[in-house]
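Below: one structure, written as structure tokens.
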Amino acid sequence: MTSKWSQLWTLITTHKDPISSTSTSTNSMLPPSSSLTQSSLRRIIKSLSLLTFFSILLYALYIHFQPSIIPQTPDIPEPDLPPSPEDSYKSIYGYPPTNPTIPPLHIHDPSILYDLSTNTYYAYGSGPHIPIHTAPTLQGPWTKAGTVLDADSILPKGDRKAPWAPTALLHDGTFYVFYATSHSGCRDSAIGVATSTTPGPGGWEDHGAIAISGRGERGKEFPFDRANAIDVSVVVDYTDTDTTHNPTSSSSDGGKEGRKGKGYMTFGSFWTGIWQVPLKPNLLHMDKNGEEKAEEEETTRVKHLAHEPMAIHPPTKKADGLCGDTTGMHPVEGAFISYHEPWWYLWFSWGKCCNFDPEKLPKAGLEYSIRVGRSSSPQGPFVDKDGKDLVDGGGEIVYGSNGDVYAPGGQGVLSGEVEGDVLYYHYLNKSVGYEFKEARLGYNYLKYVGGWPVPL
């Protein structure tokens with residue numbers, strides 16, 4: 001360090017007051033030409049210190065109040081999530097998987113009621129004396145509780161020990177089970193009904209025949225002279241008396257006790273398809289308005305609702321018109337009518353149902369499937385999505401074979417229940433077998449898209 005700078009440094013670092021000091025040694029070290037004094041230097045240093053402090057303060061304030069500049073990152077598309085198992089299944093098979101019961105409830109042509117008073121489901125099916133099963137949920141477990149009939153049916157036709165395809169409902173405080181007796185492939189059939197004050201076994205009264213087709217005088221009446229009196233279902237329309245209630249609720253009260261309503265009996269299998277006639281208020285007899293009418297007048301009372309005009313299979317070799325249709329097989333049967341405001345829906349099974357030979361299965365698509373049409377009236381006419389009348393072969397396919405599910409049909413709908421509308425049916429599990437006894441209960445919840453039911 002040079003002599004001058006050394007002297008300056010000594011001056012800066014001294015702590016004596018330059019004004020009060022009497023020493024001349026320090027002043028003598030300054031160069032003669034310098035105009036700086038100790039006080040001046042101290043003021044400069046203080047000024048610099050203050051300037052530095054305010055600079056730091058201003059910078060801090062600037063950083064604090066400066067708007068944040070968030071670096072922009074490029075938009076990164078969300079990763080494609082793997083589809084749910086149900087969506088993947090539907091994309092492969094075209095339908096969602098069934099909801100099976102655990103353990104399987106072996107049943108044919110199921111009809112299900114929900115009893116609100118006991119929170120219990122009741123399932124009725126084809127078989128000896130019409131078996132009854134109960135469960136706390138649709139999934140089960142299902143337990144056999146007994147039968148509707150204590151003995152063989154009093155109907156005068158067919159297999160009276162094992163009635164077919166029952167339909168259960170509650171109307172005006174009374175439980176009804178409609179059923180049919182016949183022989184496979186024949187039109188010599190009868191429809192009957194039993195009633196009880198409770199949905200379970202015991203106390204059922206068998207009232208005998210409501211309708212007869214085939215042999216006998218009653219079988220000559222229109223439309224039983226051309227229809228098959230099996231696969232009966234009954235719907236009661238309450239919409240004219242109270243539109244705030246679901247007119248076809250399958251629960252054991254549905255708010256319908258004490259309310260009037262118009263009953264309609266729908267029936268038919270193969271031959272000319274599905275027909276409907278009105279019932280009297282007690283639902284035990286057809287409503288013929290007093291006297292027999294000519295056929296042209298009967299058509300105002302009798303409705304033809306669905307038919308397959310084409311012969312999907314040729315007639316059997318022994319077809320005689322009574323056992324076997326001489327025009328071929330027209331596989332439409334198992335009709336059921338439900339309501340979801342503002343539409344009435346006619347569900348039916350199309351195709352081959354039973355007695356499958358695993359070595360000679362029908363061509364894919366010719367086995368049972370569930371189809372539907374809709375109408376603004378429970379009496380039709382019912383049309384599909386394309387506007388085609390079901391009598392002309394229309395019908396929207398709602399549910400068919402998928403995965404291990406084979407030939408679903410014999411369907412019904414629980415309307416307006418705790419969890420919404422439910423489509424239920426029997427089906428065969430291909431991994432188990434195709435025998436009649438292997439039929440089991442399956443179901444799917446429904447949503448409605450554009451007024452059309454879609455299984456979930």
Side-chain angles (χ1 to χ4, degrees), residues 80-112 114 121 123 125 135 137-142 248 250 334-340 343 345-353 356 361-362 364-374 384-386 394-434 438-456:
D80 293 330
L81 298 177
S84 67
E86 292 80 7
D87 290 340
S88 296
Y89 187 97
K90 187 174 181 179
S91 67
I92 295 172
Y93 297 109
Y95 305 101
T98 188
N99 290 291
T101 59
I102 302 174
L105 171 58
H106 292 285
I107 193 170
H108 245 279
D109 307 310
S111 179
I112 299 178
Y114 178 64
Y121 288 89
T137 69
L138 280 172
Q139 190 178 52
W142 288 90
T248 61
S250 301
F336 185 93
I337 294 178
S338 67
Y339 181 80
H340 186 89
W343 298 104
Y345 296 89
L346 175 64
W347 305 79
F348 63 95
S349 302
W350 187 100
K352 180 175 174 56
C353 165
F356 293 106
L361 293 176
L366 296 184
E367 77 280 7
Y368 246 12
S369 61
I370 300 171
R371 307 191 180 196
V372 74
R374 74 182 188 188
D384 62 18
K385 272 187 179 180
D386 295 328
E396 190 72 21
I397 301 177
V398 177
Y399 200 69
S401 298
N402 61 88
D404 281 337
V405 173
Y406 188 74
Q411 68 292 315
V413 174
L414 279 166
S415 298
E417 296 303 324
V418 177
E419 300 179 88
D421 290 3
V422 182
L423 172 67
Y424 60 85
Y425 45 84
H426 73 246
Y427 70 98
L428 294 168
N429 187 316
K430 291 191 289 187
S431 65
V432 175
Y434 297 89
E438 292 296 344
R440 56 199 61 206
L441 178 65
Y443 62 94
N444 291 84
Y445 295 97
L446 294 173
K447 67 176 180 179
Y448 292 81
V449 179
W452 291 98
V454 178
L456 301 174

Give every donor-acceptor pair under 3.5 Å between a side-chain atom in residues 96-108 and any protein atom, sequence neighbours left out.
residue, atom, partner, partner atom, Å
T98, OG1, Y425, OH, 2.7
T98, OG1, Y443, N, 3.4
N99, ND2, Y443, O, 3.0
T101, OG1, P103, O, 3.2
T101, OG1, L105, N, 2.8
H106, ND1, K437, O, 3.4
H106, ND1, A439, O, 3.3

Just list the side-chain donor-acceptor pairs under 3.5 Å for residues 446-456, sequence neighbours left out, or say none.
residue, atom, partner, partner atom, Å
Y448, OH, D421, OD2, 2.7

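Closest of all the heavy-atom pairs between Y399 and P408 is CD2-CG, 3.8 Å. Shown here for K430 and G403, the closest heavy-atom pair between the two residues is CE-O, 2.8 Å. For G410 against P110, the heavy-atom pair with the smallest separation is O-CD, 3.4 Å. Listed here is the closest heavy atom pair of D384 and G395: OD2-N, 3.1 Å.
The main-chain N or O of G334 is found under 3.5 Å from a side-chain atom of Q411 such that the two form a donor-acceptor pair. Between the side chain of R440 and the backbone N or O of E438, at least one donor-acceptor pair lies under 3.5 Å. Listed for the N402 side chain is a donor-acceptor partner under 3.5 Å among the backbone atoms of G400.
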Item to complete: Just do the side chain to side chain contact (heavy atoms under 4.5 Å, CB included) check on L423 and W347 with the steps written out, would you?
Response: CA-CA 10 Å; L423 172 67; W347 305 79; 3.9 Å; yes
Item to complete: Given side chain to side chain contact (heavy atoms under 4.5 Å, CB included), test V422 with I112 step by step and report yes or no.
Response: CA-CA 10 Å; V422 182; I112 299 178; over 6 Å; no
Item to complete: In sequence, state the C-alpha distance, the side-chain angles, and the governing distance for W142 and Y121, and then conclude on side chain to side chain contact (heavy atoms under 4.5 Å, CB included).
Response: CA-CA 9 Å; W142 288 90; Y121 288 89; 3.6 Å; yes
Practice prompt. Kindly determine whether S401 and Y95 satisfy side chain to side chain contact (heavy atoms under 4.5 Å, CB included), including the steps that lead there.
Written response: CA-CA 8 Å; S401 298; Y95 305 101; over 6 Å; no
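Separating the SG atom in C353 from the CD atom in E367 is a distance of 11.5 Å, to the nearest 0.5 Å. The distance from atom CG of L428 to atom CG of D404, rounded to the nearest 0.5 Å, is 11.5 Å. Taking OH of Y345 as the start and OG of S415 as the end, the distance is 10.5 Å to the nearest 0.5 Å. Interatomic distance, Y339 OH to R374 CZ, rounded to the nearest 0.5 Å: 12.5 Å. In this structure, Y424 OH and N444 CG are separated by 13.5 Å, a value rounded to the nearest 0.5 Å. From I337, atom CD1 reaches atom CZ of F348 across 12.0 Å, with rounding to the nearest 0.5 Å.
With sequence neighbours excluded, no residue forms a side chain to side chain donor-acceptor pair (under 3.5 Å) with Y93.
Note: Y406 and F356 have perpendicular aromatic rings, judged against thresholds of 30 and 60 degrees for the angle between ring planes.
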